[in-house]
Amino acid sequence: MAYKNYDRETYLNNFKEIMKLKSQVEKYIDDAFEKGVDNLVMAGVGGSISIMMPMEYFAKKRTAMPVYMENAAELVLGINKAVTEKSLVVLYSESGTTKEAIAAAEYCREKGIPTIGVSGNAEAPLQDLLTYPIVCGAGDELSCDGDHMKLFLIVSAVLHKNGDMDDYDEFMENLAKLPEALADIKEEVDEDAKAYAYQIKDEPYHMLVGSGNLWGSTYCFAMCYLEEMQWIRTKSIESPEFFHGTLELLEEDTSIMIFKGEDETRMLTERVENFAKKISKKVKVIDTKEYEAKEVAEKYRGDFSPAFLEAYLGRLTAHLEDATGHSLDIRRYYRVMDY
């Protein structure tokens, strides 16, 4: 069966390229720790900070080492005094040209703060500024699952080197199997995603709700895909915050997407779901627990649930472009105007 903007073989080959980075990442992390690492800093802006959010959650569950999430534009202001030459700063820019990421890399170089980062172009400006540069453009442009894979390699290697991940080898084995599970999910949900895309194509506004390690994907889908790529107004809300303001805007005809994962915060999202179904007739629940993902061990499902969600959202994005007739590549201001 043919799928819009998706071919299984190409997709899986892309992810094999990502897994080839494992030994390079491990060497980089070994070198960084030989020089001393006291804390881990993930710095990004826009889509890049959103894809790091699940990694922050992943790391904080496993280590007492300080883990900081910093907006790259604020990092250069020197507000967080814990960011020093004993930090390891993770940067990410698919193009390698994101202004804030470049500024953050320049700032870290000037301050003697080591950086490890990823971009998809060896000639990109960011590559020359990083202490530990990684080049890999492989992934799925319609979703963030490939970005998550690359960051899992980095963060897991840091945790392992810090003595916080005894199951590192087992986790890596499951990470390598994850793409097969994601491909299965993409194919399983394609018809549902297409139907939903056409169902919501004329909706002027959506609420998006998620929590825990799904919050990054919730924020990213609202901000990157619906707002930036489709010019659709959205409000992204963390599940525990929904009942502090946003609930008053929910009405019978309000479109609300609720993303349920498999981590410790699932119950918080279920609370929103139970309330929303009493009010709105336009509630869409995407529950990663519904996907079999037989290729990966049960113990890692919670860690991988952001990628499971992205598998669905990638198919929704592909079909939404057709449903709305609005190309994902059109921008009015982003990288068009000087600002």
Side-chain angles (χ1 to χ4, degrees), residues 1-22 47 50-55 57-58 92 94 118 120 136-156 170-194 196-197 210 212-218 220-221 224-225 257 259-263 266 285-321 328:
M1 179 178 176
Y3 298 92
K4 175 180 168 57
N5 294 348
Y6 164 80
D7 172 73
R8 186 184 183 99
E9 183 178 358
T10 302
Y11 179 79
L12 294 178
N13 284 337
N14 279 340
F15 279 77
K16 287 178 182 177
E17 291 302 310
I18 295 173
M19 288 304 300
K20 288 179 182 178
L21 299 173
K22 179 175 177 289
S50 71
I51 62 175
M52 291 177 176
M53 290 174 182
M55 302 303 121
Y57 190 94
F58 177 77
Y92 195 108
E94 184 61 36
V118 184
C136 184
D140 178 7
E141 65 180 13
L142 299 174
S143 61
C144 303
D145 41 14
D147 307 312
H148 289 160
M149 287 275 290
K150 297 166 197 173
L151 290 169
F152 265 131
L153 289 174
I154 295 172
V155 176
S156 297
E170 182 184 3
F171 182 82
M172 285 295 122
E173 289 173 6
N174 279 268
L175 188 65
K177 296 175 183 176
L178 179 60
E180 288 281 353
L182 298 181
D184 289 344
I185 293 171
K186 285 177 182 289
E187 293 162 18
E188 174 189 343
V189 305
D190 190 71
E191 285 301 318
D192 180 81
K194 182 177 182 179
Y196 185 55
N213 64 3
L214 293 193
W215 169 240
S217 293
T218 307
C220 187
F221 189 67
C224 283
Y225 292 95
M257 303 181 200
F259 302 147
K260 290 171 64 176
E262 301 171 54
D263 64 18
R266 180 180 173 89
V285 178
I286 301 173
D287 185 354
T288 68
K289 213 168 189 176
E290 294 178 356
Y291 308 137
E292 184 179 12
K294 61 182 180 297
E295 293 84 357
V296 298
E298 180 72 22
K299 65 185 287 187
Y300 296 119
R301 285 191 62 101
D303 297 322
F304 293 151
S305 57
F308 298 164
L309 174 61
E310 289 293 341
Y312 183 98
L313 295 179
R315 301 317 303 145
L316 178 57
T317 299
H319 293 301
L320 196 57
E321 180 179 40
L328 298 170

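Positions are given from 1, in the same order as the sequence printed here.
Contact annotation: the side chain of F304 never approaches that of F58 to less than 4.5 Å [non-hydrogen atoms, C-beta and beyond]. Looking at heavy atoms from C-beta onward, N5 lies out of side-chain contact with D140 at the 4.5 angstrom threshold. Within the 4.5 Å cutoff, the side chain of D303 has no heavy atoms near those of the N174 side chain. Contact annotation: the side chain of P179 approaches that of M149 to within less than 4.5 Å [non-hydrogen atoms, C-beta and beyond]. Between V189 and Y291 there is a side-chain heavy-atom pair separated by less than 4.5 Å. At a threshold of 4.5 Å between non-hydrogen side-chain atoms, the residues D184 and E295 count as touching. Counting heavy atoms from C-beta on, the side chains of L153 and M172 come closer than 4.5 Å. When side chains are defined from C-beta on, Y3 does not count as touching K186, because their heavy atoms never get closer than 4.5 Å.
A 6.0 Å sphere centred on NZ of K4 holds more than 12 heavy atoms belonging to other residues, nucleotides or ligands. Within 6.0 Å of NZ in K150 there are more than 12 heavy atoms belonging to other residues, nucleotides or ligands.
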Is there a side chain to side chain contact (heavy atoms under 4.5 Å, CB included) between K260 and K289 once you walk through the steps? CA-CA 8 Å; K260 290 171 64 176; K289 213 168 189 176; over 6 Å; no

Apply side chain to side chain contact (heavy atoms under 4.5 Å, CB included) to the pair L328 and L142, showing each step before the final yes or no. CA-CA 9 Å; L328 298 170; L142 299 174; 3.6 Å; yes

Given ring-ring contact (aromatic ring centres under 6.0 Å, His included), test F152 with F171 step by step and report yes or no. CA-CA 10 Å; F152 265 131; F171 182 82; 5.5 Å; yes

Apply salt bridge (charged side-chain N to carboxylate O under 4.0 Å, His left out) to residues E17 and K20 and explain how you reach the verdict. CA-CA 5 Å; E17 291 302 310; K20 288 179 182 178; 2.9 Å; yes

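Among all heavy-atom pairs drawn from S217 and P306, the shortest one is OG-O, 4.0 Å. Across S50 and C220, no two heavy atoms sit closer than the pair OG-CB, 3.2 Å. Here the closest heavy-atom approach between residue I286 and residue L309 is recorded as CG2-CD1, 3.8 Å. Between C144 and Y225, the shortest heavy-atom contact is SG-OH, 4.2 Å. When all heavy atoms are compared, the tightest approach of V118 to I154 is CG2-CD1, 3.9 Å. Between G210 and T218, the shortest heavy-atom contact is CA-OG1, 3.4 Å.
One distance of note links OH of Y312 with CE of M257; it measures 8.5 Å at 0.5 Å rounding. Interatomic distance, OH of Y57 versus CG of L214, reported as 9.0 Å (0.5 Å rounding). Taken to the nearest 0.5 Å, the CG atom of L182 stands 11.0 Å off from the CD atom of E187. The line from CD of E310 to OG1 of T317 is 8.0 Å long, rounded to the nearest 0.5 Å. To the nearest 0.5 Å, atom CG of residue L316 and atom OG of residue S143 are 11.0 Å apart. Considering CE of M53 and NE2 of H148, their distance stands at 10.0 Å, rounded to 0.5 Å.
In this structure, R315 contributes its side chain and D190 its backbone to no donor-acceptor pair below 3.5 Å. At distances below 3.5 Å, at least one donor-acceptor pair connects side-chain atoms of R301 with backbone N or O atoms of E292. Listed for the D263 side chain is no donor-acceptor partner under 3.5 Å among the backbone atoms of G302. Of the possible polar contacts, none joining the E262 side chain to the S305 backbone as a donor-acceptor pair under 3.5 Å is found.
Between E180 and R8 a salt bridge is recorded (basic side-chain N to carboxylate O distance below 4.0 Å).
The aromatic ring centres of F259 and F308 sit 6.0 Å or more apart.
The side-chain contact (heavy atoms from CB on, under 4.5 Å) test applied to K299 returns D167, E170, A297, not counting sequence neighbours.
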